[in-house]
Amino acid sequence: MRIFGLSILVTVLSLIAALVYGGPTALVLCAILGILEVSLSFDNAVINASILQRMSEFWQRIFLTVGVVIAVFGMRLVFPLAIVWITAGLSPTRAFDLAMNPPADGALTFPDGSASYEKLLTDAHPQIAAFGGAFLLLLFFNFILEEHEVTWLGWIERPLARLGKLDMLAVVLTLAGIVVAAEFIAHDDDRSTVLLAGILGVITYILVDGLGSLFHTEENSGEGGPSEVVKATGKAAFFLFLYLEVLDASFSFDGVIGAFAITSDPILIALGLGLIGAMFVRSITVYLVRKGTLSEYVYLEHGAFWAIGALAVILLITIGVHVNEVISGLVGVAFIGAAFITSIIRNRREEAESDDAEPELEKSPSLS
């Protein structure tokens, strides 16, 4: 309750606010949006925890406070509005007015033929999906092409790690994925924007990740270089913080776009995705860090990265083909669930082997 208590309180208050705002229908829609966000973002929480445990306690608090505010109001409320006013050339006030006053009967256009807020944001989806898909795909490749002491799907992870010795292979594969998406998935009118957005996603990842590694190395140069034990502070932690915010943005793209299949009301989206969803993702992240879950269930991080790879591919596919958001959510849950179960099996097998070894040690003659 100490970890999840605040999220439960925020959920109750958000549902009450939705009820007051729009009655029982708004209450139900808000609850559905919250469930959607949590199901889509569980892999986000696992990755957040794996990065957060490398940061100092001060920067962990910054991410779990300031970072959540950015996630709630920035990505779930301001970001969709910003996409609309930038891509459609509207003023922020006009974009907000469109969001608050949609056409009757859920139509995508007004009687005069002008586009609704939902249509404008949906039309911008190819650029959003290309940016987020490229960022997440490069994140996946950078992890899966590295050598790890523990492998989950060893039959594919070990050969990929050997291939990963080729310099910049992750970038090459990601750029190839962007080209394939632009050439074979995107509509003709969207090809150039998809290519540009995908390249910007790659540049953003390289820049933020590279700066974090640079300052982490500089700040720990007197300690034999960076390691998992050394907690990032100062500039290194700041860039890890930025990295996490961009990562959260990339994860939230599918949730924000998918929310419009449920409602286009920005207030309900902010309440459901932002307050309920983001707060529970925060609590799950804190739980994973505080309880050392990633160390205990060693395959969990691998499962999360495979879920990221699947989500990246789905995002690139949605550039030209609609994919139900439930599918992307279930894929992530399936990977993490499988990783969790296999981690339990591994732990029990090791415990059994340890128990079998103890009697053998007791039987062996002692040296005097």
Side-chain angles (χ1 to χ4, degrees), residues 28-29 32-44 75-76 79-84 86-88 98-99 102-103 105-110 113-137 140 174 177-198 200-201 249-266 268-269 272-273 277 306-335:
V28 173
L29 293 176
I32 292 172
L33 288 171
I35 295 170
L36 171 70
E37 180 69 359
V38 173
S39 65
L40 289 175
S41 299
F42 193 83
D43 47 357
N44 189 6
M75 284 309 305
R76 276 72 176 183
F79 174 74
L81 291 169
I83 290 294
V84 169
I86 291 170
T87 57
L98 281 177
D105 301 323
L108 292 178
T109 57
F110 290 95
S114 60
S116 67
Y117 174 79
E118 179 181 353
K119 186 176 188 308
L120 290 172
L121 187 59
T122 303
D123 288 345
H125 178 71
Q127 299 97 294
I128 298 171
F131 181 93
F135 187 94
L136 294 178
L137 194 61
F140 166 73
T174 302
I178 297 168
V179 171
V180 169
E183 183 66 26
F184 299 105
I185 300 177
H187 300 298
D188 292 341
D189 295 340
D190 295 326
R191 284 180 180 173
S192 59
T193 55
V194 165
L195 279 172
L196 177 59
L200 288 175
S250 300
F251 271 108
S252 66
F253 288 152
D254 60 333
V256 171
I257 299 298
F260 282 89
I262 300 169
T263 178
S264 60
D265 191 317
L268 292 181
I269 290 174
L273 295 189
W306 278 104
I308 285 174
L311 177 58
V313 171
I314 289 172
L315 275 173
L316 293 178
I317 291 173
T318 61
I319 289 172
V321 180
H322 175 72
V323 178
N324 193 296
E325 291 72 28
V326 174
I327 295 176
S328 57
L330 289 177
V331 167
V333 170
F335 272 113

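Only this structure's heavy atoms are used, side chains among them; waters, hydrogens and symmetry mates stay out. Quick note: residue numbers are just sequence positions, from 1.
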Once you round to the nearest 0.5 Å, how far does [atom1] of [X] lie from [atom2] of [Y]?
{"X": "L137", "Y": "T174", "atom1": "CG", "atom2": "OG1", "answer": "4.5 Å"}
{"X": "Q127", "Y": "L195", "atom1": "CD", "atom2": "CG", "answer": "11.5 Å"}
{"X": "L200", "Y": "F135", "atom1": "CG", "atom2": "CZ", "answer": "12.5 Å"}
{"X": "L316", "Y": "I178", "atom1": "CG", "atom2": "CD1", "answer": "7.5 Å"}

Closest heavy-atom contact between [X] and [Y]?
{"X": "G133", "Y": "A312", "result": "O-CB, 3.6 Å"}
{"X": "T109", "Y": "P103", "result": "O-CB, 3.5 Å"}
{"X": "I319", "Y": "A186", "result": "CG2-CB, 3.6 Å"}
{"X": "I314", "Y": "V331", "result": "CD1-CG2, 4.4 Å"}
{"X": "A307", "Y": "G332", "result": "CB-CA, 3.8 Å"}
{"X": "L98", "Y": "F110", "result": "CD2-CE1, 3.5 Å"}

Check: Do D190 and T193 come within less than 4.5 Å of each other through their side chains, counting heavy atoms only?
Finding: yes
Check: Got L311 and F335 here, is their nearest side-chain heavy-atom distance under 4.5 Å?
Finding: no
